[in-house]
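First comes the structure, then the notes that go with it.
Residue numbers begin at 1 in each chain, while the letters A, B, ... track the order of the sequences.
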Number of protein chains: 2
Amino acid sequence: MTVQNLLKALKDGGGDPDLATVDDVTGHNTSRLPLASQVAITIRDMIVQDLIKPGERIRERQLSVELNVSRTPLREALKILEGEKLIALLPNRGAIVADPAPDEIRELLQVLGALEALGGRLAAENARDADIAEIKALHYEMLAAYSREDRLAYFKLNQQIHSSIMNASRNSSLIETHSHFNARLYRVRYRSNQRNAKWHEAIDQHEGLIKALEARDGELLAARLSSHLGATWAKVSKEDYAEGSAG
Amino acid sequence: MTVQNLLKALKDGGGDPDLATVDDVTGHNTSRLPLASQVAITIRDMIVQDLIKPGERIRERQLSVELNVSRTPLREALKILEGEKLIALLPNRGAIVADPAPDEIRELLQVLGALEALGGRLAAENARDADIAEIKALHYEMLAAYSREDRLAYFKLNQQIHSSIMNASRNSSLIETHSHFNARLYRVRYRSNQRNAKWHEAIDQHEGLIKALEARDGELLAARLSSHLGATWAKVSKEDYAEGSAG
DNA sequence: ATATTTTATTTTGTATGCTGTATTTACTTT
DNA sequence: AAAGTAAATACAGCATACAAAATAAAATAT
């Protein structure tokens, strides 16, 4: 290890925290990331935030000039997103934004339920008191948003609570997989939250989640997280059948 | 839709099944796949079959000439494999084959356990009688391999049984995620199988799995699949501590 | 006018070459 | 001789250029 490397390492890891650009979604440090990874983050955000609609085609050349990069890193980014199932890559026919059918959504919610159940068990075991306190705080913030009928804030806090529980599991593989599945379902749940008249039902369920976590009752928390997602499916499917699946 | 396209569609989908090359691992049709995907399959096999060792560096130029492709599709393949966590991509420093630490293996087995538990529950619900019969047949084949002390055959049949149970769940997202996690753990479990003196312990457990599946007792099957993987971790960790983790 | 074939255009797939970064080697200094 | 510095080399990152495939458009035939 030479001095110049040491200096670089210092600059990278140590000081200047404001130089490091941190992504909101993944939390990754994006400053010295290859273009492909940065582009992947950008497109992921565009998809999750519904700036590109499901089923919509992604034209390489067009998007590459929009993002001001060449097609090479863009194509690499698309491979990444294909792995996350946020897009589908049809050979010789380009990429389209993933558009899960109701059946697939049901499948995804089942898996997500299993992941959250495991997360709950582990969280009850591994969460620090500060983690639980923070989750409780988020819960109260969510109640505040509910009281103000601020659906967007409510939704985001809801998501944050679930992510926080997963983070408390201290199982990084689980956390990452969970966030992938969550991203695939983000839009569905967002729409569901915006439309559903009985959005208060989730409040009671969340109350139960917090109680189970405070009691560090892993089995109870796991069960409640699972049934919570079961309720999500009930809502989503009802909406879908009510208006015929298409967006 | 023109006639030439119709003819092509016919040729692709319909006839000439022998023209289609099907991959052993993923079951994907590989004949008309882009190079990047084919390369990804090749490298994945090399990793899972331990032709490239964990921690080993992957040189783009070198591998590209070995596989007779340019660096562009190879790099795209590496992005795919990074998403599957089979390799790690260090910015400006190339790719290395993933080498999960004991802690990470424990985490992975926990997630795999949750996935298999869900798979078991769904399989008990959705499996057709023919599926169960086939799984039973595989079980007896495994017993035969055990009797002959053919560890390789035993191991492969063991894997096949677990995959078959997952397939019987009829949840494609679950099946795919399970296979990804399984691939990440393949080498670990393979080594464990080769070394472990008490490999007969798994026989009794498998007997229990089949019984639960035949009875279509989802909860029991789920519980047994989980504890089965718990036993795997017990073995793996023991071996690791016994000889100090390095391969 | 409709349907089919042919041509043109657009778009994806792949290879190559250049640039910047990391690592190694040789050299200098203490 | 050990540590530090500077040059050289190897490598990954990216853009451009070309090839092949798919789609769209025009022309021809029915």
Side-chain angles (χ1 to χ4, degrees), chain A residues 1-13 19 28-43 52 55-82 87-97, chain B residues 1-13 19 28-43 52 55-82 87-97:
Chain A
M1 176 71 81
T2 66
V3 164
Q4 50 181 331
N5 286 344
L6 269 169
L7 285 172
K8 276 183 196 169
L10 252 166
K11 198 175 63 175
D12 291 346
L19 269 178
H28 289 345
N29 185 322
T30 197
S31 53
R32 296 201 178 268
L33 244 50
L35 257 186
S37 308
Q38 294 185 42
V39 169
I41 293 171
T42 304
I43 303 179
I52 347 179
E56 191 174 324
R57 201 169 160 190
I58 297 176
R59 268 144 190 133
E60 290 181 5
R61 187 97 56 183
Q62 177 185 327
L63 192 56
S64 72
V65 298
E66 280 178 25
L67 301 180
N68 226 41
V69 294
S70 82
R71 283 177 56 223
T72 308
L74 173 64
R75 281 176 59 83
E76 291 177 1
L78 292 179
K79 295 287 181 191
I80 295 172
L81 297 171
E82 186 198 22
I87 66 172
L89 236 38
L90 313 171
N92 289 313
R93 236 170 288 184
I96 57 170
V97 177
Chain B
M1 175 69 83
T2 66
V3 164
Q4 50 180 331
N5 286 342
L6 268 169
L7 286 171
K8 274 182 197 169
L10 253 166
K11 199 175 62 175
D12 292 346
L19 269 179
H28 288 346
N29 185 324
T30 198
S31 52
R32 296 199 179 268
L33 245 50
L35 259 185
S37 308
Q38 293 185 41
V39 169
I41 293 171
T42 304
I43 303 179
I52 347 179
E56 191 174 325
R57 202 171 159 190
I58 296 176
R59 266 135 187 141
E60 289 183 5
R61 271 207 180 74
Q62 179 185 325
L63 193 57
S64 72
V65 298
E66 280 178 25
L67 300 180
N68 225 40
V69 294
S70 80
R71 283 177 56 223
T72 309
L74 174 62
R75 281 176 57 84
E76 290 179 0
L78 293 179
K79 293 289 181 191
I80 295 172
L81 297 170
E82 185 198 23
I87 65 173
L89 237 38
L90 314 171
N92 289 314
R93 236 173 291 182
I96 57 171
V97 178

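The distance from atom CG of B:L74 to atom P of D:dA12 is 9 Å, rounded to the nearest whole Å. Atom P of nucleotide D:dG13 and atom CZ of B:R59 are separated by 14 Å, given to the nearest angstrom. Atom CD in B:E60 sits about 14 Å away from atom C1' in C:dA15, given to the nearest Å. Put simply, CG on B:N92 is 15 Å from P on C:dT24, counting in whole angstrom units. As a whole-Å value, the separation of B:L90 CG from C:dT21 C1' is 14 Å. For B:L33 and C:dT12, the CG to P distance is 17 Å, given to the nearest whole Å. Rounded to whole angstrom, the span from the CD atom of B:E82 across to the P atom of D:dA12 amounts to 14 Å. Straight-line distance from the CZ atom of A:R93 to the P atom of D:dA24: 11 Å, rounded to whole Å.
Nearer to the 5' terminus of DNA chain D, by closest-nucleotide assignment, is the contact made by B:R57 (compared with the other of B:R57 and A:N68).
Residues A:I43 and A:L63 meet the side-chain proximity criterion, which asks for heavy atoms closer than 4.5 Å. In this structure the side chain of A:I87 never reaches within 4.5 angstrom of the side chain of A:I96, judged on heavy atoms.
Residue A:R61 is in base contact, counting any heavy-atom pair closer than 4.0 Å across all strands shown. Looking at heavy-atom distances under 4.0 Å, B:R71 makes contact with a base. The residue B:I58 sits close only to the backbone: its heavy atoms come under 4.0 Å of sugar-phosphate atoms, none of a base.
Side-chain nitrogen and oxygen atoms of B:T72 include none within less than 4.0 Å of the OP1 or OP2 phosphate oxygen of C:dT14.
A:A95 and A:L89 make their closest contact through CB-CD1, 3.2 Å (heavy atoms, listed as atom of the first residue, atom of the second, distance).
Judged by distance alone, the side chain of A:Q38 and the main-chain N or O of A:L33 form a donor-acceptor pair under 3.5 Å.
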